[in-house]
2 protein chains.
Amino acid sequence: MATSGHQGRKPRADVQRNRAVLLETAQRHFLRHGVGTSLEAVAKEAGVGPATLYRHFPTREALLAAVLQTRSEELVARQADIEQLGDPAEALEQWLRAMEEYFSAYSGLPEPLMAAARAQEPDGPLTIPCDILITATDQYVRAAQHAGHVRASVQGYDLFLAACSLAWIKGNGTDEESLGRLRALIASGYRERDTQA
Amino acid sequence: MATSGHQGRKPRADVQRNRAVLLETAQRHFLRHGVGTSLEAVAKEAGVGPATLYRHFPTREALLAAVLQTRSEELVARQADIEQLGDPAEALEQWLRAMEEYFSAYSGLPEPLMAAARAQEPDGPLTIPCDILITATDQYVRAAQHAGHVRASVQGYDLFLAACSLAWIKGNGTDEESLGRLRALIASGYRERDTQA
DNA sequence: CATCAAAACGGATGCAGCCTCCGTATGCAT
DNA sequence: ATGCATACGGAGGCTGCATCCGTTTTGATG
């Protein structure tokens with residue numbers, strides 16, 4: 001699959017190789033140092049000059065989007081699992097957890113996500129992926145609402161924001177205990193009160 | 001009052017003047033460009049060299065703490081108002097709003113606050129102020145719990161985190177509508193369910 | 001296999017911001 | 001008025017970002 005389709009031209013060999021090694025190196029650096037890591041360092045460790053990195057990925061956001069692309073497969077896989085259980089409330093909960101973990105992959109990731117989420121026109125490389133996630137969340141929310149498990153006032157976007165926030169908090173070093181309590185607090189905030197088990 | 005007390009030495013005149021103008025200039029720059037603003041620019045506009053700024057405030061965090069110090073008076077004033085109303089639930093809610101607005105004063109403020117909040121030893125200039133806020137929040141929470149308005153599992157620290165998150169979200173440009181919904185969601189998350197209002 | 005043009009590479013470079021060193025100027029006590 | 005401690009601030013080293021341009025690599029063609 002990769003970039004998919006057949007372009008008008010055939011891609012050169014080293015281009016693909018450089019792109020691949022850049023992506024892998026960037027992912028490791030993002031993991032270790034957060035998304036704010038030095039792009040020069042990434043280029044150097046990838047064995048290419050800075051210009052090559054910028055040629056492949058014009059902005060830090062573009063590089064980030066490309067790295068996330070590979071990770072998003074996990075999320076899709078999770079979606080398959082989630083949709084197999086019939087309970088919409090449980091599905092929503094698991095989906096939110098999946099998103100939160102996805103957002104927590106690299107420290108500093110929530111910031112650009114938030115920036116992309118509020119962008120109206122798809123000007124940034126992250127805008128489309130974000131919109132997809134928000135839309136997906138909204139569907140889970142609606143399903144749970146239809147089943148009477150989630151309050152009517154809640155929107156998918158709200159819970160996307162909540163997941164982003166949780167990831168942000170986690171990324172800033174908060175202990176798992178407090179994080180768990182906050183997660184529970186949010187859950188009991190969006191759940192319908194008169195749930196008859 | 002100022003730095004309070006009587007030191008072993010007497011402070012020089014220009015020192016105090018520089019400190020004052022630096023604080024005022026920094027506040028304006030923080031307001032306009034966020035807490036990540038260029039410190040060199042602050043120094044230049046304050047009419048002093050970079051070294052002077054760093055001598056007065058060794059780190060960005062120190063400068064930030066000093067700037068916040070002046071702002072914290074508003075918060076104290078709010079506390080007086082809040083404690084006058086007898087309803088603990090209402091008091092907690094207003095306190096959380098006050099904190100959120102305080103945290104939203106400058107864009108980028110929540111990050112260092114979070115960093116300071118989890119620090120064990122008071123190594124950072126923001127650690128003490130943060131602990132004060134957390135303790136205060138905990139008192140409001142306990143009062144509301146005692147009155148049966150807030151779930152027993154909730155801790156002050158949790159709501160401090162929540163306020164921080166809301167400020168962070170607001171600072172990242174989210175519209176007031178979504179923000180309001182999320183705020184309501186959190187509120188109905190920490191409130192006790194069987195409130196016989 | 002030799003040749004060639006397009007495409008990609010990467011070092012060099014300019015810029016901005018951080019932070020520190022050290023010679024100089026300033027303020028305060030005497 | 002003098003002297004000394006104290007504070008000042010420009011210069012400079014460092015890191016990271018982003019771009020330009022001479023050189024190299026690649027793959028297509030004869």
Side-chain angles (χ1 to χ4, degrees), chain A residues 2-3 6-26 28-30 32-67 106-108 111-112 115 124-125, chain B residues 2-3 6-26 28-30 32-67 106-108 111-112 115 124-125:
Chain A
T3 51
H6 41 86
Q7 310 277 92
R9 294 280 153 242
K10 25 307 123 111
R12 255 167 69 159
D14 51 350
V15 169
Q16 294 178 285
R17 196 167 45 80
N18 279 334
R19 181 185 164 91
V21 59
L22 275 172
L23 279 178
E24 194 192 352
T25 309
R28 275 188 298 117
H29 275 245
F30 284 164
R32 193 177 290 277
H33 307 292
V35 302
T37 191
S38 160
L39 296 187
E40 278 194 337
V42 171
K44 178 149 59 179
E45 192 179 306
V48 305
T52 297
L53 190 154
Y54 284 103
R55 202 173 302 114
H56 281 273
F57 310 101
T59 68
R60 181 184 300 272
E61 204 187 7
L63 176 58
L64 182 57
V67 168
Y106 316 109
S107 101
E111 284 84 345
Chain B
T3 51
H6 42 87
Q7 310 276 92
R9 293 286 152 234
K10 35 258 142 134
R12 255 166 69 161
D14 51 351
V15 168
Q16 294 178 284
R17 198 166 44 81
N18 278 334
R19 181 185 164 90
V21 59
L22 275 172
L23 279 179
E24 194 191 351
T25 309
R28 276 187 298 119
H29 276 246
F30 283 164
R32 194 178 290 278
H33 308 292
V35 301
T37 191
S38 160
L39 297 188
E40 279 194 338
V42 171
K44 179 149 56 180
E45 192 179 304
V48 305
T52 297
L53 190 155
Y54 283 103
R55 203 173 301 114
H56 281 273
F57 311 100
T59 68
R60 181 184 300 271
E61 203 186 8
L63 176 58
L64 182 57
V67 169
Y106 315 109
S107 103
E111 285 84 346

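A note on names: the letters A, B, ... follow the listed sequences, proteins ahead of strands, and every chain is numbered from 1. No experiment lies behind these values; they were computed from the predicted model shown.
- Under 4.0 angstrom from either OP1 or OP2 of dA7(D) there lies no side-chain N or O belonging to His56(B).
- A distance of 6.5 Å separates CD in Glu40(A) from OH in Tyr54(A), rounded to the nearest 0.5 Å.
- The main-chain N or O of Phe57(B) is never found under 3.5 Å from a side-chain atom of Arg19(B) such that the two would form a donor-acceptor pair.
- Applying the 4.0 Å criterion to OP1 and OP2 of dC9(C), one finds that Asn18(A) has a side-chain N or O inside that range.
- Glu45(A) has its CD atom 17 Å from the C1' atom of dG10(C), to the nearest Å.
- One can place CZ of Arg19(A) at 15 Å from C1' of dA8(C), the figure rounded to the nearest angstrom.
- When atom types are taken as modelled, the side chain of Arg32(B) and the backbone of Thr37(B) share no donor-acceptor pair closer than 3.5 angstrom.
- Phosphate contact (OP1/OP2 of dT26(C), side-chain N/O of Arg12(B), threshold under 4.0 Å): absent.
- Look at CD on Gln16(A): it is 16 Å from C1' on dC9(C), rounded to the nearest Å.
- Computed from coordinates, the Phe57(B) CZ to dA7(D) C1' distance equals 14 Å when rounded to whole Å.
- Counting non-hydrogen atoms under 4.0 angstrom, Arg60(B) reaches the backbone sugars and phosphates but no base.
- When the nucleotides dA8(C), dA29(C), dA18(D) are ranked by their closest atom to the side chain of Leu39(A), dA18(D) comes out on top.
- Residue whose closest nucleotide on DNA chain D sits further toward the 5' end, between Arg55(A) and Glu40(A): Glu40(A).
- Distances shorter than 4.0 Å separate some side-chain N or O of Thr52(B) from OP1 or OP2 on dG9(D).
- Backbone-only contact: Gly47(A) has heavy atoms under 4.0 Å from sugar-phosphate atoms and none from a base.
- Among the atoms of the strands shown, none is found under 4.0 Å from any heavy atom of Thr59(B).
- Across the interface with DNA chain C, nearest-nucleotide mapping of Gly36(B) and Arg17(B) shows Gly36(B) to be the residue nearer the 5′ end.
- The residue Ala51(A) sits close to a base: some heavy atom pair falls under 4.0 Å.
- Atom NZ of Lys10(A) and atom P of dA6(C) are 14 Å apart (whole Å).
- Using a 4.5 Å heavy-atom threshold, the side chains of Arg17(A) and Val21(A) count as separate.
- At the phosphate of dC18(C), OP1 or OP2 sits under 4.0 Å from a side-chain N or O atom of Ser38(B).
- In this structure, NZ of Lys44(B) is placed 10 Å from P of dG10(D), rounded to the nearest angstrom.
- Computed from coordinates, the Tyr54(B) OH to dG17(C) P distance equals 11 Å when rounded to whole Å.
- One atom, CG of Leu22(A), and another, P of dA8(C), lie 14 Å apart when rounded to the nearest Å.
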Q.
Show, in sequence, the C-alpha distance, side-chain angles and deciding distance for Thr25(A) and His29(A), and conclude whether the side-chain contact (heavy atoms from CB on, under 4.5 Å) test is met.
A. CA-CA 6 Å; Thr25(A) 309; His29(A) 275 245; 3.9 Å; yes
